Number of protein chains: 2
Amino acid sequence: MATGSSAPSAPAPPGSGEKSHLFNFTGISANKAGMGADRKLVADFVYEKSKNSQYTQHQLELDAKQQARAELVAKELRIAEARMSEIELLSERRKIEAELEALEKHRDLSRTHCVVDMDMFYAAVEIRDQPSLASKPVAIGGLGMISTANYVARLYGVRAAMPGFIAVEMVRNPAAIGSKMPPDELVFITPNFAKYTQVAMETREIFRQYDPHFRAMSLDEAYLDLTDYLAAHGVSAEAAVQEMRDRVKARTGITCSAGIGPNRMVAKIASDERKPDGQSQVLPTREAVLEFMDRLPVRKLPGCGKVLENQISIMLGVQTCAELRAAAARVKRAFQGRKTCSFLMRACLGLSSDELAEEGGEVGNVARKSLSCERTFRAESEPAELRGRLRDLCRQVSEDMAASVPPLAGRVVALKTKASSFEVRNKQISLIQPVGFSPNFGKGGEDGREHAEQETARVTQELYKLLEPVLEEQFPCHLRLMGVRVSSFRDQRATLDKGQQLISFFQSKGSEQQEGPSAGAGPDNLNTGMPKPQIQEANVIDLDSSQEDQRDKSRDPPVQSQSLPKGCLKRVVERLASRRAKRIRLSGVCCPVCGVRVPEDQANRHVNAHYGDQ
Amino acid sequence: MATGSSAPSAPAPPGSGEKSHLFNFTGISANKAGMGADRKLVADFVYEKSKNSQYTQHQLELDAKQQARAELVAKELRIAEARMSEIELLSERRKIEAELEALEKHRDLSRTHCVVDMDMFYAAVEIRDQPSLASKPVAIGGLGMISTANYVARLYGVRAAMPGFIAVEMVRNPAAIGSKMPPDELVFITPNFAKYTQVAMETREIFRQYDPHFRAMSLDEAYLDLTDYLAAHGVSAEAAVQEMRDRVKARTGITCSAGIGPNRMVAKIASDERKPDGQSQVLPTREAVLEFMDRLPVRKLPGCGKVLENQISIMLGVQTCAELRAAAARVKRAFQGRKTCSFLMRACLGLSSDELAEEGGEVGNVARKSLSCERTFRAESEPAELRGRLRDLCRQVSEDMAASVPPLAGRVVALKTKASSFEVRNKQISLIQPVGFSPNFGKGGEDGREHAEQETARVTQELYKLLEPVLEEQFPCHLRLMGVRVSSFRDQRATLDKGQQLISFFQSKGSEQQEGPSAGAGPDNLNTGMPKPQIQEANVIDLDSSQEDQRDKSRDPPVQSQSLPKGCLKRVVERLASRRAKRIRLSGVCCPVCGVRVPEDQANRHVNAHYGDQ
DNA sequence: GAGCAAAGT
DNA sequence: TACTACTTTGCTC
DNA sequence: CTCCACAAC
DNA sequence: TACTGTTGTGGAG
Ligand SMILES: Nc1ncnc2c1ncn2[C@H]1C[C@H](O)[C@@H](COP(=O)(O)OP(=O)(O)OP(=O)(O)O)O1
Ligand SMILES: Nc1ncnc2c1ncn2[C@H]1C[C@H](O)[C@@H](COP(=O)(O)OP(=O)(O)OP(=O)(O)O)O1
Ligand SMILES: [Mg+2]
Ligand SMILES: [Mg+2]
Ligand SMILES: [Mg+2]
Ligand SMILES: [Mg+2]
């Protein structure tokens, strides 16, 4: 099925009438698309709607680069394979089989994992609060960007991460994208993050009863190890999960879907199988797992995004996990030396890690590693204007650092810029002395408020003084985005809102890393494009693994939400947060973003404040 | 038509089955109600829905007090009249007629005033941006409170200042309030103040071309003196206003209505006559004006709210302006010594002031006299919690003061509280040295950001230190609202978002004030309830008037918006604002709330920030 | 001047 | 669960 | 360590 | 007019 024929090494000519086949893979790919609208037609539609935009121009360049690399590797692979003798091929095959068997030995089918994921989460909350919307196409977001859409809108091809103005046209003209829906008007709802957080906290109360150590991956998604619960209660996983989902629905009025499997990755993928309000189980046998995996498009593997999917397709001619497994030898050759290699090998066998490496944070919470704030705006050249925005970002970051528990101080500060051409740059500064707050900051109880604000102003200023010269270097420039980021925290303990990065979450440690450079090592950073780690159970193979400490595998209480815009609103709340944080005795709920306890009636406002204005 | 029979001096028994007739006048009264729903049924419905709430309990107490006072005065009036001899009556009548004639002499019909008021403003903007809402009942606000509603919703009885949860039920059950609309679901939209401000600024660009000195009374309302324009262009008022309205519609996509009359009050009332997308003119003849006024319910007079309306009804048995004029003698007796007296006398003759007393602010802008921030929350007793909220309010006020141009400093600081019983208290502190910012604050240009933030923190702290003890005095308490206000500004020049208070706007100076106590002076503060000033043209009678300087009557450029919630969001924006304010050279638009220039793409966010989160 | 209530958006 | 936010004015004590 | 790109929600 | 915001990871230089 490999395509890779005419490879335009230069950026595809924009506006050259026919759309670039490259842009194609930027659009909606095999994965979640489905339902009502034709993937290709949607991609075409989106492309047509923004053919001549800066955004598209930039995307085309990225795509072309990826495509060229993929095709080059594909070519090299073909050449290398052509060169290989039968003996070499046989030996390789045997080696691969041995490796797969080795992996197989560590397959753990003894535990029962479950992934719960709310259905069309933001949209569901809004529709719950305004049921008359249920029958209409609804998008959460605005004309600029959509965060999610209800299933009606999805029938028109509307998706998360789709610009709203395009979605509008799709709903008005369903025929153009192969949808049989009648023309309609897309209803937009500005996100109300506070509400979603509130709902999320309610769901987590329930999850906790099935696994006190569950991990929340985002506001709408949780990972549970049900093994102990099932043993203790003597119920089937199916029944327990059904009950849990019923309780979520009863408590929040919102449906969720769940996947049950012998490890988190399988459970995660399974959670998507019966998506709206359903659950599905992959039985804990090797056969069931492999059968389940085999029919999956590789894109379904968490960590396999559109770029890797395209690489696999172009380089290996592979679409499904079954094909991937069959092509294990080529995978090795194509991705050798990269984590992607063992990731793919393990993933297509349905293997993943089950441990909860609670690196850092509180009692098992995941430690935050960076904190940032960025904003898109109408492209701007005026230095004074840009400086003003930079200062706003610094203040925001400062306030967020102050509101963290414990307050943060970091040794790396970075400025992110995006030009009106969509070109992104990051410039970072490493410091000897961290910038930020002392660990005792915020302990001032009733008083010390003034001190807190002065400190925040101080950190704002320090960040600004550090980054303003960095910005200065960019002039003249025409920017549409700036962002400020702090990392390398002095104190590891600050908990993050979400639990780990899901990929390494599935893979824990172990990597593929250089087994010696191989075929795929194309020019420059060819083959670069994908970072996916590997799967890795509690008992993992770990070929290389020059990793850190392993610590106790105790699972831990969740509490958190998800990476969300911390926008303007955040401020008000943030302050409330930092203040509230000082007297935990107060009633209220824990904000999953900043971990701070806020009074219930403030919860909405509070969490909203973590998000952007827009 | 006088009612006043059974006068329950004690608060009406709550939940005593039948609703109190007192609560009746708390509800929607004669004025704008109309359309689709039966006033009384709506009032009943609302009452039934919240019969036993703290809110209603509190309202009933207020109503009972007013009702008792009104009935007492009515009784005294009746007694006094019964005592009067025929001669006394005749002499009084002659005196009154002389007074009316005196007022009449100063009637000015030479100028052409116009009031433009956007139709269902907030709702119109939202519907413009989502036209599919046009046919549905839409409310701006939430379950707690509605700011406005579209005309569809109004057919169900939904109104501004109505709690959302009641509106929901009205739309679901239209029959209950005498509406013939089919049951439906009310669509709620969270206000997006930034957008409304943007639209308002666009309308004002147009208004300015018809009267460079026009006054903006709110985001959606402007007062123009068209005299010069009409003379210069030789067009009729009707044509000019029609053209202006067309331009507003073309520019903003939103309709407005307008009233044309010989003075502002008449124009204002007229603007409501053909409300959706219409205009009406009251010709500049005494006869036309009187005919227009005569048929008006007194409630239509701006400044005559539900309490005064009720007083007039109970005390005078008067409903319309015609009756009011005929009852001039009783008006005098009932309201003598109060500004209400001359207000009513002048108003029912269709007289009002035309001058623009630009007291204070910039070149003709209206000077702000106070600045405040208040928040409602779930009733709370915990001192620590309340202190935290107090500090937030102080910070908000501090930031607003900093963002004002020029930055503010005030000599009076006040704490407002509302108990869970809805009882409101205000406690103020007068200072020798004003608290706030030096007039040069914010001149720091590119640098001085840090200083600005430290100063803001300083003022926050000063406000808090002043008010925290005041709060302390209230403990123990159970509060549902707190507010912080600063007034008595050192510097008069800070411009306000709206132009004058519309009542005194109609009356300029002149007052009725004590001509010696008369009949109505009941017990305590009987007769208290109404503040309305009088009407008063450029050539006004002004019986007493121990007023201040008169200054030049030059009209002045408007620029501003309206009193809006400055809520949490405000913060982010506010800061942007204050910063931006320092370099006015930048492109962008002027924020009507804080007067600051912000880049266009930030306008929405900016203005939104002035408003509450909710 | 302090405090409350009414009024407007 | 759920009755606003902001500003000005009038009046009383 | 710096920077970019990719991935996820 | 209008293509996000936050965090983490992998890989290359
Ligand atoms: N690209 C994005 N940008 C911003 N927010 C996002 C994005 N994708 C998802 N979100 C937010 C909105 C979603 O409701 C929420 C959960 O994401 P996700 O579970 O992937 O989809 P979903 O819950 O909306 O629908 P589904 O029914 O497919 O799960 O996270
Ligand atoms: N009680 C209130 N509380 C908060 N905001 C209000 C209130 N009343 C009005 N507003 C806001 C929302 C309105 O759209 C805007 C203008 O008010 P107004 O002109 O009186 O009504 P409207 O423009 O919504 O309808 P219309 O003028 O067509 O009767 O001010
Ligand atoms: Mg989901
Ligand atoms: Mg999810
Ligand atoms: Mg209006
Ligand atoms: Mg108005």
Side-chain angles (χ1 to χ4, degrees), chain A residues 50 53 55 62 141-145 147 160-166 217-221 302-303 305 307-308 338-340 368-376 422 424-428 430 496 498 500-504 524-525 528-533 562-567 611-612 614, chain B residues 50 53 55-56 62 141-145 147 160-166 217-221 302-303 305 307-308 338-340 368-370 372-376 422 424-428 430 496 498 500-504 524-525 528-533 562-567 611-612 614:
Chain A
S50 52
S53 66
Y55 172 84
L62 290 184
L143 286 178
M145 186 47 65
S147 281
M162 176 178 285
F165 65 93
I166 289 179
M217 283 300 303
S218 68
L219 279 187
D220 94 320
E221 205 168 324
V307 171
L308 179 55
R338 280 164 199 74
K339 294 205 170 187
T340 312
R368 167 193 293 279
K369 294 181 176 169
S370 72
L371 187 157
S372 67
C373 179
E374 69 189 49
R375 290 281 166 258
T376 293
F422 284 84
V424 175
R425 271 201 254 186
N426 280 278
K427 193 80 186 161
Q428 79 184 36
S430 293
L496 179 58
K498 67 159 170 273
Q500 228 169 336
Q501 196 57 16
L502 118 147
I503 295 312
S504 43
D524 191 28
N525 42 3
T528 299
M530 43 69 283
K532 263 74 275 293
Q562 141 142 341
S563 11
L564 324 144
K566 349 185 84 117
Y611 301 79
Q614 171 67 300
Chain B
S50 52
S53 66
Y55 173 82
T56 297
L62 290 184
L143 286 179
M145 185 48 64
S147 281
M162 177 178 285
F165 65 92
I166 289 179
M217 283 298 303
S218 69
L219 280 187
D220 93 321
E221 205 168 325
V307 169
L308 180 54
R338 278 166 202 74
K339 295 207 169 183
T340 313
R368 167 193 292 279
K369 294 181 177 167
S370 72
S372 68
C373 179
E374 68 190 52
R375 288 284 166 259
T376 293
F422 283 84
V424 175
R425 272 199 252 186
N426 279 278
K427 194 78 185 160
Q428 81 183 33
S430 293
L496 178 59
K498 69 158 168 274
Q500 228 168 336
Q501 195 57 17
L502 116 146
I503 296 310
S504 41
D524 191 29
N525 42 3
T528 300
M530 41 71 285
K532 264 76 272 297
Q562 139 145 342
S563 10
L564 323 140
K566 355 183 78 117
Y611 301 79
Q614 170 67 303

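Below, chain A is the first sequence line, B the second, and so on; all start at residue 1. From a predicted model like this one, the values you see are computed outputs, not experimental measurements.
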K.L.:
Does E:dC9 have OP1 or OP2 under 4.0 Å away from a side-chain N or O of A:S147?
P.N.:
no
K.L.:
Using a cut-off of strictly less than 4.0 Å, decide whether B:K427 has a side-chain nitrogen or oxygen near OP1 or OP2 of C:dG3.
P.N.:
yes
K.L.:
Tell me every residue that passes ring-ring contact (aromatic ring centres under 6.0 Å, His included) with B:F165, counting only those two or more places apart in sequence or in another chain.
P.N.:
none
K.L.:
CG of A:L371 versus C1' of F:dG5: gap in Å, rounded?
P.N.:
12 Å
K.L.:
A:L308 has a side chain; which of E:dA7, C:dA2, C:dA6 sits nearest to it?
P.N.:
E:dA7
K.L.:
E:dC6, D:dA2, D:dC3: which one has an atom nearest the side-chain heavy atoms of B:L143?
P.N.:
D:dA2
K.L.:
Phosphate oxygens OP1/OP2 of F:dG5: is one of them under 4.0 Å from a side-chain N or O of A:T376?
P.N.:
yes
K.L.:
What's the closest nucleotide to the side chain of A:F422 if the choices are F:dC3, D:dC3, D:dC6?
P.N.:
F:dC3
K.L.:
Rounding to a whole Å, what distance do you find between A:K339:NZ and E:dA5:C1'?
P.N.:
16 Å
K.L.:
Just to be sure I understand the rule, does A:A160 reach a base, reach only the sugar-phosphate, or reach nothing, if contact means heavy atoms closer than 4.0 Å?
P.N.:
nothing
K.L.:
So do A:P163 and A:L143 actually touch side chain to side chain, heavy atoms under 4.5 Å?
P.N.:
no
K.L.:
Does A:S50 get its side chain close enough to the base of F:dC3, under 3.5 Å, for a donor-acceptor pair?
P.N.:
yes
K.L.:
Main chain of B:S370, side chain of B:R368: is a donor-acceptor contact present, judged purely on distance under 3.5 Å?
P.N.:
yes
K.L.:
If you measure from CG on A:L62 to CZ on A:F422, what distance do you get to the nearest 0.5 Å?
P.N.:
11.5 Å
K.L.:
Should A:S372 be listed as having a side-chain N or O under 4.0 Å from OP1 or OP2 of F:dT7?
P.N.:
yes
K.L.:
To the nearest angstrom, how far is A:E221 atom CD from E:dA7 atom C1'?
P.N.:
13 Å
K.L.:
Quick one: is F:dT6 close enough that its OP1 or OP2 comes under 4.0 Å of any side-chain N or O from A:S370?
P.N.:
no
K.L.:
Nearest whole angstrom, please: distance from the P of E:dA5 to the CG of A:N426.
P.N.:
9 Å
K.L.:
Determine: side-chain N/O of A:K369 to OP1/OP2 of F:dT6, distance under 4.0 Å, yes or no.
P.N.:
no
K.L.:
Quick one: does B:S53's side chain have a donor or acceptor within less than 3.5 Å of a partner on B:T56's backbone?
P.N.:
yes
K.L.:
Whole-Å distance between D:dC3 C1' and B:E374 CD?
P.N.:
13 Å
K.L.:
Would you mind reading off the distance between A:R338 atom CZ and E:dA5 atom P, rounded to a whole angstrom?
P.N.:
17 Å
K.L.:
On the nucleotide F:dT6, are OP1 or OP2 found under 4.0 Å from the side-chain N or O atoms that A:R368 carries?
P.N.:
no
K.L.:
May I have the distance from B:M217 (atom CE) to D:dT9 (atom C1'), rounded to whole angstrom?
P.N.:
12 Å
K.L.:
How many Å lie between CE on B:M145 and P on D:dA5, as a whole number?
P.N.:
9 Å
K.L.:
On a whole-Å scale, what distance lies between the C1' atoms belonging to C:dA7 and D:dT4?
P.N.:
15 Å
K.L.:
Of the candidate nucleotides F:dA2, F:dT4, C:dA6, which contains the atom at the shortest distance from the side chain of A:F165?
P.N.:
F:dA2
